[in-house]
Amino acid sequence: MKAGYDAPAIEQKWQRLWEDSETYQVSTDDPRPKAYVLCMYPYPSGPAHQGHVRNYTFGDVNVRFRTMNGIAVLSPLGFDSFGLPAENAAIKTGVHPRTFTDDRIAELKASLKRLGAAYDWRREIKSHDPSYIRWSQYIFIQLLDAGLAYQCDAPVNWCPGCKTVLANEQVLSDGTCERSGDLVVRRNLRQWFLRITAYADELLDDLDQLEWPERVKTMQRNWIGRSVGAEIDLEVAGGGSGKITVFTTRPDTIFGMTFAVVAPEHPDIEALTAPERAAEVQAYVAEVATRSELERMSGDGGPKRGVPLGTFVVNPANGSKVPLYVAEYVLGQYGTGAVMGVPGEDERDFEFAGAQGLGVLETVARPAGFPGGAYSGDGVKINSGFLDGLAVQPAKEAAIEWLEASGHGRGTVKYRLRDWLVSRQRYWGCPIPIIHCDGCGAVPVPVEELPVLAPDDVEFLPTGESPLAKHRGFVDVACPSCGGKARRETDTMDTFVDSSWYFLRFCDPFAEDRPFDMAAVRKWMPVDQYIGGVEHAILHLMYARFFTKALSDRGLVPDTLREPFTKLFTQGMIRLEGSKMSKSKGNLVTPQRYFDTVGADSLRLFHFFVGPPGDDVDWTSQSDEMIEGCNRFLGRVFNLDAQIPVVEGTAAVAREEAFLELMRLQDRVTTGIERWAYNTSVAALMEYTNALYRLLAAASDPRLLDHGYRTLILMLAPFTPHLAAEIFDRRYGRDVHRERWPELDRELLEAALVPMVIQVNGKMREVVEVDPKITEEEALQVVLALPKVAGLVGEGGPKRVIAKLPKVVNLLV
RNA sequence: GCCCGGGUGGUGGAAUGGUAGACACGGAGGCCUCAAAAGCCUUUGCUCGCAAGGGCGUGCGGGUUCGAGUCCCGCCCCGGGUACCA
């Protein structure tokens, strides 16, 4: 057994005591200033892994530190407990998803408690709990009422592996499923959508006010993909009929159109095709449809394929007729599914023109030395009639003005963002509370009948169809509107719906008659500090923002609440020797082994100390050695208790250099926490401890030693809560987590002597301690009196003196 | 291709334009021990020197500055996001 510091024993003792502690329980009428600190609630996957340790201990430092600073901190946690793994397990082993999930939650919760993270567990939320399902469904109906939920036939992303439809956001750029890695295929199904696009502008604009990592904001901006441009109507001539509308961000290039292209999915393609070309066009469209997304997307490489429709469109700007094509490089789902071909100023059009032998017409003067090809930069308009001589931006505006005046088009804004497909053909999710009636259509389940719960007596089979669809008792219902025979919706919601409002529910999870209590939401929201992984940069964070705005407009939360998360911190990932650590790879280094040996505090300290919290961590053979080092450090802290006697009433402490040194270190611990640089806080804590050992060896003033040690333990409290609680209790008989964070004597610190660097010709030569308010005259006197400096400066004295006092004096000779 | 990050000792990493490498890990040497483990002490960027002391050093090349790891320009490499979005 270890002499002295027995971490597992100490930790278990305190965790038992904390079970009933009210330290981190807060209420809506708490008089202290509030803070809402939230870590993304986890999917319950069994015992915690190192990623959890990082996430939840970083949050824990935040919570404990703020609490010690007199803040009422709302720190809840729950479980994102719907999802595929539980259902897949049910298919495999026959265990009901609820049993499976509850077991996993129990395991995860136990290891989070073992970690010593502080939560108000009374507020625990589980997505699969009927009391939560009820309000998820209530919110769905609210969105339906608001016109923000609708049903639509759509070509959807079907994952053969997961046997369900995926949201666009769940399909990776290579056309595979983010979960299973299977190639996603297109299917036409009737699906439920949420109209997130209604908030596209606000979602984009409000990003500016958020204190989020810039890269996350950039990812969201790109995802929304706002483009300003114009729609232009083109009359079809020569065998076809009607018109097509194209979208462009470069209306100024209209005079450069040498062809036009529609996407293979374009609905009017038949009408646009000349009869003699119909067969070839049909064959091409059919062939494209059989190709996978993956093949279609990888556009670079081969020449751009396409087929002429045999018809022409008229350029409204100059009346010229240009040929119309169908080509797969034009996307059916974006813009109007048709573009004007301007090879002079668009790279893709240039490639297509090259492949099809079409002409190129330049409408912007090239800069000197331009190598050729499409030119998309700024310049003077040429070959463009009334636009000639203008720069690109004014020409865009003039072109739109002309389009609108002449009735040939209009200025418009398009988004890359699409509506959010939320239907899932699975059992283990929140049922969509709708009843389909032949007479009345899709009727919402009356609010007083919520929650709609999935029946337990279903069969889990790997058919790809939800078990709900085969359950007569669930499906066959009376229409709530007309009382006639009707069918219950059997799709469930995307689990991202559950996580889009859980942070609101945490404000008052006890409310039984409403999803959230207005006063509680007003008190606690927005979340002051949100903490989680970057992998949610787009999906979860965008959906949650959308829900907040929609619920705010609906009057369910205050109308001033437009953004849920004021500050976001994304912690780094854990890798194992370069590759991602994951259960499926079987390369997990579980926290449990450390709990049993060096203890949770040492593991926590390692995660704080190993590097900046936002950086990725590579778990190597060295990590264990570092954890040992952290444990050794905590042992040194522990051992000081026996060596430093408690001094009653330690108010007065000698104002000596040693005291100043401790206070400077104290300052560094605090700023490290405030700046998300826990690694530097821990370094300062280690230096602080080293300093105490030196002072002890030098037989310093017992009051200084006790004061210093007391301060050290207070500062360790957020980082290593068990050890701090144990020592503080032993020495002072008080709960360290209810103490105030040690204050700093700024005045004293600022009056203390500081080091001044002396450079000669820019090279560092000497350091002296000086008064921080030293004048240049005084400084020069001090500096020139130093023999080394005098020798380097020589007889004539310095030619020039640059002084940034009290930091540096640079003498040029 | 485009958009972000990032390249600092053997390793993880510190450093509001002003002492580069804090704090650790690892290594070397020592103390304690019959021995080991643990613990403690010394040392540890490279290099010249017996020493005092000097020189060189933050991916590469330029620049700004009295002074650059830090700011600017151009490259190279690594990681992430995104990709025919008109």
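Just so it is clear: chains get the letters A, B, ... in the order the sequence lines come, proteins before strands, and each one is counted from 1.
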Task: Partner nucleotide of B:C84 by Watson-Crick or wobble geometry (both distances under 3.5 Å) - done: none

Open item on the list: What's the closest nucleotide to the side chain of A:Arg215 if the choices are B:C66, B:C4, B:A86?
Closed with: B:C4

Task: Toward the 5' end of RNA chain B, by each residue's nearest nucleotide, A:Arg250 or A:Thr218 - done: A:Thr218

Open item on the list: In whole Å, measure the gap between the C1' atoms of B:C84 and B:G80 for me.
Closed with: 22 Å

- [ ] For B:C78 and B:C25, measure between their P atoms and round to the nearest Å.
- [x] 33 Å

TODO: Go through the side-chain N and O atoms of A:Ser227 and A:Tyr334 and say whether any donor and acceptor fall under 3.5 Å apart.
DONE: yes

Task: Whole-Å gap separating C1' (B:G39) and OH (A:Tyr693) - done: 10 Å

Open item on the list: Under 6.0 Å between ring centres: does that hold for A:Phe606 and A:Tyr594?
Closed with: no

- [ ] Measure from the side-chain heavy atoms of A:Arg675 and tell me the nearest of B:A86, B:A15, B:C4.
- [x] B:A15

Open item on the list: One thing to verify: whether A:Lys804 and A:Glu776 come together as a salt bridge, which I'm taking to mean a side-chain N less than 4.0 angstrom from a carboxylate O.
Closed with: no

- [ ] Kindly say if A:Lys396 contacts the phosphate of B:A86, meaning a side-chain N or O under 4.0 Å from OP1 or OP2.
- [x] no

TODO: Rounded to whole angstrom, note down the C1' distance from B:C4 over to B:G9.
DONE: 29 Å

Open item on the list: In whole Å, I'd like the distance from the CD1 atom of A:Ile224 to the P atom of B:U82.
Closed with: 15 Å

Task: Member of A:Leu309, A:Asp268, A:Val246 meeting the side-chain contact (heavy atoms from CB on, under 4.5 Å) criterion with A:Val262 - done: A:Leu309

Task: Syn/anti label of B:G53 as read from its glycosidic torsion, with the cut at 90° from 0 - done: anti

Open item on the list: In this structure, how many angstroms lie between the P atom of B:C40 and the CG atom of A:Leu696, rounded?
Closed with: 13 Å

Open item on the list: Is A:Tyr329 close enough to B:A86 that one of its side-chain N or O atoms is under 4.0 Å from OP1 or OP2 there?
Closed with: no

Task: Sugar-phosphate or base contact per nucleotide [nucleotides 22-28 of chain B; S, B, -; heavy atom under 4.0 Å] - done: BBSBS--

Open item on the list: Looking at A:Asp252 and A:Lys396, is any side-chain nitrogen of the basic one under 4.0 Å from a carboxylate oxygen of the acidic one?
Closed with: no

Open item on the list: Quick check on the 6.0 Å ring-centre criterion: do A:Phe352 and A:Tyr325 meet it?
Closed with: yes

TODO: State whether the side chain of A:Ser602 and the backbone N or O of A:Gly599 hold a donor-acceptor pair below 3.5 Å, judged by distance alone.
DONE: no

Task: Spacing between A:Asn222 atom CG and B:C2 atom P, to the nearest angstrom - done: 15 Å

Task: B:G7 to B:C60 separation - C1' atoms, rounded to the nearest Å - done: 11 Å

Open item on the list: Taking any heavy-atom pair under 4.0 Å as a contact, classify A:Lys763: base, sugar-phosphate, or nothing.
Closed with: sugar-phosphate

TODO: Identify, between A:Gly335 and A:Asn810, the residue whose nearest nucleotide on RNA chain B lies closer to the 5' end.
DONE: A:Asn810

Open item on the list: Is A:Arg765 close enough to B:G54 that one of its side-chain N or O atoms is under 4.0 Å from OP1 or OP2 there?
Closed with: yes

Task: Value in whole Å for how far the C1' atom of B:G6 lies from CG of A:Asp615 - done: 9 Å

Open item on the list: Using a heavy-atom cut-off of 4.0 Å across all strands, would you classify A:Val610 as base, sugar-phosphate, or nothing?
Closed with: sugar-phosphate

- [ ] Please determine if a side-chain N or O atom of A:Arg221 lies less than 4.0 Å away from the OP1 or OP2 oxygen of B:G81.
- [x] no

Open item on the list: Distance check needed: B:C2 C1' versus A:Asp346 CG, whole Å only.
Closed with: 15 Å

- [ ] Tell me the partner of B:G29, counting only Watson-Crick (N1-N3 plus N6-O4 or O6-N4) or G-U wobble (N1-O2 and O6-N3) with both under 3.5 Å; none if nothing fits.
- [x] B:C41

Open item on the list: Using the C1' atom as the point on both nucleotides, what is the distance between B:A52 and B:G61, in whole Å?
Closed with: 38 Å

Open item on the list: Tell me whether A:Arg250 is salt-bridged to A:Glu345, with the criterion being a basic N under 4.0 Å from an acidic carboxylate O.
Closed with: no

Task: Proximity to the side chain of A:Pro755 - top-ranked nucleotide from B:U19, B:A86, B:G54 - done: B:U19

Task: Nearest-angstrom distance from the residue atom CG of A:Leu605 to P of B:G12 - done: 19 Å

Task: Same-atom distance (P) from B:U42 to B:A24, integer angstrom - done: 12 Å

TODO: Quick one: look up who B:C71 pairs with, Watson-Crick or G-U, both distances under 3.5 Å, and put none if it's unpaired.
DONE: B:G63

Task: Separation between the C1' atoms of B:G57 and B:U82, rounded to whole Å - done: 38 Å

Open item on the list: Applying the Watson-Crick and G-U wobble criteria at under 3.5 Å, what pairs with B:G9? Answer none if nothing qualifies.
Closed with: none

- [ ] Using a strict cut-off of less than 4.0 Å between a Lys/Arg side-chain nitrogen and an Asp/Glu carboxylate oxygen, indicate whether A:Lys773 and A:Glu778 qualify as a salt bridge.
- [x] no

Task: Atom pair distance, as rounded to whole Å: CZ in A:Arg416 and C1' in B:C2 - done: 13 Å

TODO: Using the P atom on both, measure B:C73 against B:U64 and round to a whole Å.
DONE: 15 Å

TODO: State the pairing partner of B:U19; accept Watson-Crick or G-U wobble contacts with both distances under 3.5 Å, and report none otherwise.
DONE: none

Open item on the list: Looking at A:Gln759, is its backbone amide N or carbonyl O close enough to the side chain of A:Glu766 to form a donor-acceptor pair, meaning the two atoms are under 3.5 Å apart?
Closed with: no

